[in-house]
Structure formats: structure tokens, C-alpha cells
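Everything on this sheet refers to the single structure shown next.
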Amino acid sequence: MGERGVDRIYKCPECESRNIITDSKHAELYCADCGLVIAENIVDLGPEWRSYDEEQTAKRIRTGPPMTYRIPDKGLGTPAPELPARTKRLRWISIDSGDKTLVLALLEIDRMTDALKLPNNIKEETSVLYRKAMKHNLIKKGRSIEDLVSAMLYITCRQYEVPRTLKEIAEVSRSSLKKIRRAYIFLIRKLGIKLAPVNPARYIPRFCSKLGLSEEIRERAIEILRDDEGTGVAKGWEPTGTAAAAIYLATVLSGEKRKKTELELAKVAGVSVPTIRSRLKFLERQRGS
DNA sequence: CTTTAGACGAAGTATTA
DNA sequence: TAATAATTCGTCTAAAG
């Protein structure tokens, strides 16, 4: 097994893609298209994450569906573990219903995760987060469910390092970017959630996939960011811009012919051309010296 | 004609007190 | 909560392919 590569034998249980990337450097397996992390043992994601060695990982992949990362919320009804996910949720609703907003929220979570092609564990965890917010009395009359649910989805994505930007979420949300951001800050504060900065490299597989770029380009782009790590470029506020710049640089450096334009990169990454350029300058300066 | 490069003000954001 | 500093965006101009 290579240090990092694609094994076509595995298929993403979520989106059917065979673009499963094996990154043994970071000890993880993830889908390049939907971002589903199939297995990993990175430590700093939170207390609920456990480590698996490679043997266990392989076994799990072969036995089919990925493990579910559901953490039962002990303060609320814990469903029978053998029930499928959808049934679980329905049953939960009937347990503590009386609150119609919960039903709406869960439906909205379903709708949005489907629209964004997000893996199931994200869907589940967002539901858990919503319940947590309920428990903390954060769901009140006057607060928009749309705002909160969208913000929660973003938070879960960040926690699980599944790359979706606030902008992308806003696009499928019934709320606006501004409102979602407000709700996001609100939730972070009230629930005391700490989020690690996004690693720009997380966006690269998906962007490359969208653009139809080769594995070689993708690896190169990731490599470029790796070299750059910790210099200040990588921890910028707009990680997508950095990711786009790295991809662009990778295409220029290797595949002279079928390169993508800055504009195409900008569109996929959801940033502007000038932003990519400014990131590019930093990256080039780093490599030059 | 298309793509890339640089610069400017405007606008919105994170951080700090 | 308000002010400050740093960043991004859109657009314009110009050069290069």
C-alpha cells in the first residue's frame, strides 16, 4: 500500500464513488468526492474519536458499511441500537415530541445533507447537536430553525473535517449566509464548542474531483500545502483560496497542457480570482526561498 | 481574443480592549 | 459592545500568449 493513493477496490458507501483515498501518513481513509471519512485515528478531533489500527480498518471496509459514529445522548432517550438510522430518528421524535420544531429541524437536516451529499454520520451528529441545543434551552420562540440547523451542519462538518464551506451550506439553506454566521457564533459561544482551523488540504480532493483533474495533480497539490504548513499561508482565513491556489500551482508545475484557468478554480473554490492570486504569491515565495 | 498580473477602494470579518 | 487591524472582493488597466 502506498503512502497515499487510491484503491479502486473500495467503494464509498455513501456516494458510490471509487475515489477512496488512503492516507497512511495521517492514518485515515476518506472519500474524495463526498468527504466521508471512513476510518481514521487522528487524535485532536474530540473525545469521541477512537483509534483503529490498519488491520481493523481493512476489516471494517471489507465488511461493508462504515462504522457509525453515533454518540448516544444520554440525557435523552437512547434508541434501541439495532434499529436502522431512520427508524431511530422517527422513534426519537415520538419519544419527546410535543415539540414540532424538532420534526421540522430533523427534516431540514435531512434535506440539506442530501443536497450537499454529506455522509450519514454528519447527518446523525447534526441531529445530536440539535438535541444538545434543545437541552441547553437554546431553541426558543423567535429563533429561526433554518439559521440554527444550517449553522449546526457547518459545525458538524468542521468537527468531522468534512469539507463544506459556510457559503456552500448557505446555498442550499433557506436562510442567508449572514444569518447562518450569526447563528454559528451564537452556538459556538453558548455551547462552548472549540473548532480547530480548517486544513486547506481537506478541500483539495473534492475540488480536483469536480474539475476532473488527475490523481497526480491532486497529490502534488496536497504536497505543496504540506511543504507550506505552518508558515502562515496554510492557516489563512479562507482555506479554500489556499487550496485553489495549490491546485493551480500543481497544474502549472506538472500538466502544462490541460491546465485549468484561474477563473475555473475560483468558481469551484467559491473565492475570487484576486484571492487565489494573492495566495499564489505566498505559495510561490515559499517555494522560491 | 483569452488569460494572467497588479492595484485600488469598498465591504465585511476577526480580534482586541 | 465598539474600535482596530487585517483580509477579501469586484473592477479596472495592462501585458502576455
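None of the values given here were measured: they were computed from a predicted structure. Each chain gets a letter, A, B and so on, in the order the sequences are listed, and its residues count up from 1. Side chains are part of it too, since the values below use all heavy atoms of this structure and drop only hydrogens, waters and symmetry mates.
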Nearest-angstrom distance from the residue atom NZ of K167(A) to C1' of dT13(B): 13 Å
Of the listed dT4(B), dT8(C), dA7(B), the closest approach to the S278(A) side chain comes from dT8(C)
To the nearest Å, give me how far apart CZ (R277(A)) and C1' (dG6(B)) are. 8 Å
Nucleotide dT2(B), atom P - distance to CD of E264(A) in whole Å: 14 Å
Whole-Å distance between dT7(C) P and R279(A) CZ? 8 Å
In whole angstroms, how far is the P atom of dA5(B) from the CG atom of L249(A)? 11 Å
Sort out for me which residue in V198(A), V271(A), V268(A), L265(A) forms a side-chain contact (heavy atoms from CB on, under 4.5 Å) with T240(A). V271(A)
Report the distance from atom CE of M152(A) to atom OG1 of T126(A), rounding to the nearest 0.5 Å. 9.0 Å
Within a strict 4.5 Å, meaning less than it, do heavy atoms of the D110(A) and K123(A) side chains meet? yes
Paired stems touching DNA chain C, three or more consecutive Watson-Crick or G-U pairs with both distances under 3.5 Å? B:1-11 with C:7-17, B:13-17 with C:1-5
Donor-acceptor pair, R164(A) side chain versus L116(A) backbone, under 3.5 Å? yes
Winner on side-chain proximity to R181(A), out of dT13(B), dT8(C), dG10(C), is dT13(B)
Whole angstrom is fine here: how far is it from CG in L177(A) over to C1' in dT13(B)? 11 Å
What I want to find out is whether E223(A) reaches R220(A) closely enough, with some N-O distance under 4.0 Å, to be called a salt bridge. no
Can you spot which of S176(A), S173(A), S175(A) makes a side chain to side chain donor-acceptor pair (under 3.5 Å) with S150(A)? S173(A)
Ranking dA14(B), dG6(B), dA5(B) by distance to the side chain of E262(A), first place goes to dA5(B)
I180(A) CD1 to dG12(B) P, in whole Å, measures 17 Å
On DNA chain B, does the nearest nucleotide to L263(A) precede the nearest nucleotide to P274(A) from the 5' side, or the other way round? Give the residue. L263(A)
Under 4.0 Å, heavy atoms only, any strand: does V273(A) hit a base, just the sugar-phosphate, or nothing? nothing
OH of Y184(A) versus P of dG12(B): gap in Å, rounded? 20 Å
Filter on side-chain hydrogen bond (donor to acceptor under 3.5 Å, both in side chains), then keep only pairs touching residues 178-193 of chain A, sequence neighbours left out; what's left? none
Go through dG6(B), dT3(B), dG10(C) for me and flag the one nearest to the T261(A) side chain. dT3(B)
